[in-house]
Amino acid sequence: MDLQGDLMKHPHDAYRHLRDTAPVQRIAGPTGEPAWLVTRYDDVRSALSDPRLSLDKTNAAEGSYRGLSLPPALDANLLNMDPPDHTRMRKLVSRAFTPRRVDALRAPIRRTADGLLDVLGAEGRTDLIAAYAAPLPITVICDLLGIPDDHRKDFRAWTDALIAPDPSRPQAAKQAVGAMLAFFTELIAHKRRHPADDLLSDLITVRDSDSDSDGDRLSEDELTSLAFLILGAGYENTVQLIGNAVHALLSHPEQLARLRKDPSKLPEAVEELARYEGPALLAIRRFPTEDVTIGDVSVPAGETVLLSLSAANRDPARFSHPEQLDVDRDASGHLALGHGIHYCLGAPLARAEVEIALAALLERFGSLALAEPEPRWRPSLRARGLLELPVEYKTAPPRA
């Protein structure tokens with residue numbers, strides 16, 4: 001078995017093999033440095049909430065995989081922090097993702113979804129990633145942050161360069177990082193001069209406040225990094241969630257028929273779709289602050305640990321017949337959005353976007369089918385997402 005190649009091209013098959021034979025396995029990480037890959041549900045879930053597994057890169061041993069290489073102004077984010085800094089920053093950003101605020105966004109999200117579908121017309125063929133799954137979340141997250149329309153076009157190219165780097169363009173990732181840093185630096189300066197009713201303006205106010213009764217302050221690097229993380233994670237993960245969910249349903253027409261018959265199943269179906277084909281193959285890398293035992297393997301302090309959310313979500317020890325998509329399944333406990341103190345902060349918004357995106361799509365098009373038997377997946381050890389999703393569609397007949 002070509003482990004490295006299969007992890008890239010056929011991740012579910014590779015994870016199944018590892019769960020059965022080597023659930024804690026030494027591998028080469030996404031950029032070649034060594035790491036420990038964990039694939040069983042119980043081990044992954046336990047490790048996600050183990051305080052001895054740090055996200056702080058200063059706890060990484062020399063030569064270990066450390067994740068994306070970013071400048072300090074983009075690296076001071078929640079994905080690189082442990083408490084108490086993580087607790088302080090998460091508290092600030094969580095105000096944007098309360099159930100009340102997410103509920104208030106549902107109507108605008110639906111209007112955006114309907115508008116994108118209007119452009120497609122009554123019938124035809126399209127790439128649903130480019131036409132729908134990508135522009136919907138970028139509109140939502142940019143509206144939340146207060147990013148003008150004319151600055152949104154480059155985000156997918158930037159995130160592609162970071163998540164799935166092209167070996168033929170070795171400088172692309174570095175160029176994307178430089179472009180994002182310049183963009184956010186300029187945007188924050190503009191918002192300081194022209195504050196508005198948006199999340200980024202609120203965070204700038206926190207940063208620039210002379211005093212804060214709770215002691216919640218941001219450094220300039222933390223402010224820039226937060227904007228980068230909210231935009232990147234809020235956009236990229238949701239694009240993949242929507243695209244993967246549509247592909248899974250179109251590949252399982254009997255499951256699609258169940259949702260068409262009873263759309264009230266959609267919220268629960270979103271959980272199953274996230275379990276079955278979630279966007280994050282791996283949780284953010286972790287570094288033990290002391291020697292730890294995972295499964296029956298001793299992992300030395302400082303060596304990189306990669307926790308496979310995707311493998312855990314298809315572990316038959318936790319989910320019955322996990323390779324099957326079942327929209328009636330109770331998928332609670334899945335790890336697609338993490339677990340513990342680093343559980344995805346934007347999970348309520350992501351769930352709402354996927355639910356609304358699917359509802360609008362299925363209501364609009366009575367006929368929806370894959371236009372090609374096997375769309376192209378983006379080659380990445382980190383994330384599971386489609387490069388494109390060609391579909392053929394036709395508007396549903398009017399209801400009597």
Side-chain angles (χ1 to χ4, degrees), residues 4 7-9 28-33 35 55 57 60 63-81 127 129-130 133-135 137-142 144-192 200 203 219-240 243 279-282 284-285 304 306 376-388:
Q4 201 69 12
L7 282 171
M8 183 78 75
K9 297 177 183 178
T31 52
E33 299 91 342
L55 270 66
K57 294 179 182 178
S64 294
Y65 169 66
R66 298 185 177 212
L68 294 174
S69 179
L70 297 171
L74 298 181
D75 217 28
N77 63 61
L78 290 165
L79 300 185
N80 297 315
M81 288 183 175
D127 171 11
I129 300 297
I138 197 62
T139 300
V140 172
I141 204 67
C142 285
L144 185 68
L145 282 167
I147 297 174
D149 291 351
D150 56 351
H151 290 289
R152 303 177 183 185
K153 62 182 183 302
D154 295 322
F155 290 133
R156 185 152 184 82
W158 291 342
T159 56
D160 278 348
L162 293 177
I163 300 298
D166 182 349
S168 67
R169 301 176 60 224
Q171 295 301 312
K174 184 176 181 179
Q175 291 167 355
V177 168
M180 282 190 280
L181 177 56
F183 169 76
F184 283 111
T185 300
E186 181 180 340
L187 179 65
I188 288 170
H190 174 80
K191 290 286 183 182
R192 276 200 169 99
L200 187 52
L203 291 174
S219 70
E220 193 68 15
D221 282 353
E222 288 174 342
L223 172 63
T224 307
S225 295
L226 266 179
F228 164 71
L229 177 62
I230 292 168
L231 179 62
Y235 165 59
E236 184 63 28
N237 287 341
T238 311
V239 172
Q240 294 166 9
L281 292 172
L282 302 171
I284 190 71
R285 75 287 171 275
T304 306
L306 299 175
R376 294 185 300 134
W377 294 92
R378 187 165 58 180
S380 175
L381 287 175
R382 300 184 181 101
R384 180 73 166 165
L386 291 159
L387 288 169
E388 57 188 11

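Heavy-atom basis, side chains included; hydrogens, waters and symmetry copies ignored. Everything quoted here is computed from the prediction, not taken from an experiment.
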With a 4.5 Å limit on heavy-atom distance, are the side chains of [X] and [Y] in contact?
X: M81; Y: E222; answer: yes
X: L226; Y: N77; answer: no
X: K174; Y: V177; answer: no
X: L281; Y: L381; answer: no

Mark yes or no for whether [X], through its side chain, and [Y], through its backbone, hold a donor-acceptor pair below 3.5 Å.
X: T304; Y: A35; result: no
X: S225; Y: A73; result: yes
X: N80; Y: D75; result: yes
X: K191; Y: G146; result: yes
X: R384; Y: P279; result: no

List the atom of A134, the atom of V239, and the distance in Å for their closest heavy-atom pair.
-> CA-CG2, 3.7 Å

What is the ring orientation for W158 with F183, classed by angle as parallel under 30°, tilted 30 to 60°, or perpendicular over 60°?
->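 W158 and F183: tilted rings.
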
Atom [atom1] in [X], atom [atom2] in [Y]: separation rounded to 0.5 Å?
X: L181; Y: E186; atom1: CG; atom2: CD; result: 11.5 Å
X: L55; Y: I284; atom1: CG; atom2: CD1; result: 6.0 Å
X: Q240; Y: W377; atom1: CD; atom2: CH2; result: 9.5 Å
X: T139; Y: L144; atom1: OG1; atom2: CG; result: 12.5 Å
X: L282; Y: S380; atom1: CG; atom2: OG; result: 8.0 Å
X: R66; Y: R285; atom1: CZ; atom2: CZ; result: 9.5 Å

SB check R378 E236 (cutoff 4.0 Å) = yes

With a 3.5 Å cut-off and no angle check, do the side chains of E33 and T31 form a donor-acceptor pair?
-> yes

Give the intermediate values and the outcome of side-chain contact (heavy atoms from CB on, under 4.5 Å) for residues I230 and L200.
-> CA-CA 10 Å; I230 292 168; L200 187 52; over 6 Å; no

Mind running side-chain contact (heavy atoms from CB on, under 4.5 Å) on F228 and L70 for me, showing each step along the way?
-> CA-CA 11 Å; F228 164 71; L70 297 171; 3.8 Å; yes

side-chain contact (heavy atoms from CB on, under 4.5 Å) evaluation trace for L231 with I138 = CA-CA 8 Å; L231 179 62; I138 197 62; 4.0 Å; yes

Y65/L306 under side-chain contact (heavy atoms from CB on, under 4.5 Å): CA gap, chis, key distance, verdict = CA-CA 10 Å; Y65 169 66; L306 299 175; 4.1 Å; yes

